[in-house]
Amino acid sequence: MDSTDSTDTLTDISEEVRGAIAEGRPVVALESSLIAHGPGYPASVEIALALEKAVRDAGAVPATLGIADGRFVVGMDEEMIERFGQSKGTPKVSARDIGRVMAGGGLGATTVASTIVGAERAGIPVFSTAGIGGVHRGAQETFDISADLQQFTRSRMTVVCAGAKSILDLELTAEVLETAGVPVLGYRTDSLPAFYVRESDVPVPRVDDLAQAARSVLLHWEVNKGGSVLLTAPIDEQDALDGTEIERVIQQALDEAGRAGVVGNAVSPFLMRAVGEATAGRSGAATRSVLISNARLAGEFAVALSAVREES
């Protein structure tokens, strides 16, 4: 839907974001699940504002996105960010939950999949997140696969991320993305990053220039009539965690989860807590580093994308 369509009663776009979109200036979408389900208030609000600053410093306009009062809110002001940060019990919203949460009229914290839905609806082509969801370990038995992967086949978006979360099965995640026809580009890396681990055993096509990446994205959209492209970049080296250590912790936590009967969507939080405890909080600092570096890169890419579009 055209973001300037005044008949769109389900999308409330801020004046700044609407003006930038109308003028073809770079805009980056940011999710709100971090604010409502992240490190807790006020740290969650602080990191949300830090992400917006990183996007602005790169020359783009940030558009933090969520659901409030029955509509997508695209481009939250500080008052709305505070509302998300202080509210208790705000549901985490994936793509399948959007209609139900909108009908309820309250707040909804958007994840990767639902943020992409709202951003595309508003006309924003770039989205930044820490790491995408993917195929969970043991999915051959549980069929536990993130809705993110399905949404990438439906929405025209560039997703800037540090690959997939380390707790996932990265090889199977890459296989599903390949089968779905979702391109994965490695920005100045030859392997798929693993969130707070810089490298994995999964190779990806390397791109060293953002203008080239932007042309790749635009040509993919032109030829395929849509779909998402993943632009992955590793965490800064000084903030990265050791992959061998993280894998050992994850395997131990999986064994503990099995003994404790932890199943379904409770497994991922269980594993993330285990990693946090085992690394004495270093994983939290790494997550912050990934979020900010990805937001900055997304801003830089959005600037390059706008410039390439203008040239053509």
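Along the sequence shown, residues carry numbers from 1. In this text, all values refer to a predicted model and were calculated from it rather than measured experimentally.
Around the CG atom of D57, the shell of radius 6.0 Å holds more than 12 heavy atoms that belong to other residues, nucleotides or ligands. Dense packing is recorded around CD of Q238, with more than 12 heavy atoms of other residues, nucleotides or ligands lying under 6.0 Å away. Crowding of E78 atom CD: a count of heavy atoms from other residues, nucleotides or ligands under 6.0 Å not exceeding 12.
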Under 3.5 Å donor-acceptor pairs involving side-chain atoms of residues 171-185, not counting sequence neighbours:
| from | atom 1 | to | atom 2 | distance (Å) |
| --- | --- | --- | --- | --- |
| T173 | OG1 | V135 | N | 2.9 |
| T173 | OG1 | D169 | O | 2.8 |
| T179 | OG1 | E175 | O | 3.0 |

Under 3.5 Å, which donor-acceptor pairs link side chains of residues 93-105 to any protein atom two or more places apart or in another chain?
| from | atom 1 | to | atom 2 | distance (Å) |
| --- | --- | --- | --- | --- |
| D97 | OD1 | R100 | NH2 | 3.2 |
| D97 | OD2 | S94 | N | 2.9 |

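In summary, the side chains of E31 and T129 do present a donor paired with an acceptor at a separation below 3.5 Å, with no hydrogens or angles considered. E247 and Q251 are linked by a side-chain donor-acceptor pair at a separation below 3.5 angstrom, with hydrogens and angles left out of the test. Side chain to side chain, E199 and S191 fail the donor-acceptor criterion of an N or O pair below 3.5 Å.
For the residue pair A29 and F127, the shortest heavy atom distance occurs at O-CD1, 3.3 Å. In terms of heavy-atom proximity, I235 sits nearest to A286 at CD1-O, 3.6 Å. Annotation for N294 and A233: closest pair OD1-O, 4.2 Å, computed over non-hydrogen atoms. The shortest heavy-atom contact between G118 and V74 is O-CG2, 4.4 Å. Considering every non-hydrogen atom in both G123 and I21, the closest pair reads O-CG2, 4.1 Å.
Classification of D255 and R259 as a salt-bridged pair fails, no side-chain N sitting under 4.0 Å from a carboxylate O.
A distance of 13.0 Å separates CG in D144 from CZ in R137, rounded to the nearest 0.5 Å. Once rounded to the nearest 0.5 Å, the distance linking CZ of R18 with CD1 of I13 reads 4.5 Å. Between the CE atom of M80 and the OG atom of S14 there is a distance of 11.0 Å, given to the nearest 0.5 Å. With rounding to the nearest 0.5 Å, the separation of CD in Q151 from CD1 in I116 is 6.5 Å. Once rounded to the nearest 0.5 Å, the distance linking CG of L241 with CD1 of I246 reads 4.5 Å. Taking CE from M157 and CG from L230, the interatomic distance works out to 12.0 Å, rounded to the nearest 0.5 Å.
Take R156 and apply the side chain to side chain donor-acceptor pair (under 3.5 Å) test, not counting sequence neighbours, and it matches no residue.
With a 4.5 Å cut-off on side-chain heavy atoms, P26 and V126 do not count as touching. A 4.5 Å side-chain heavy-atom check between F72 and D12 finds every atom pair outside the cut-off.
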Worked check of salt bridge (charged side-chain N to carboxylate O under 4.0 Å, His left out) between D69 and R83: CA-CA 12 Å; D69 309 318; R83 181 181 171 190; 3.3 Å; yes
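Only one option out of C161, S146, S228 pairs with I132 in a side chain to side chain contact (heavy atoms under 4.5 Å, CB included); it is C161.
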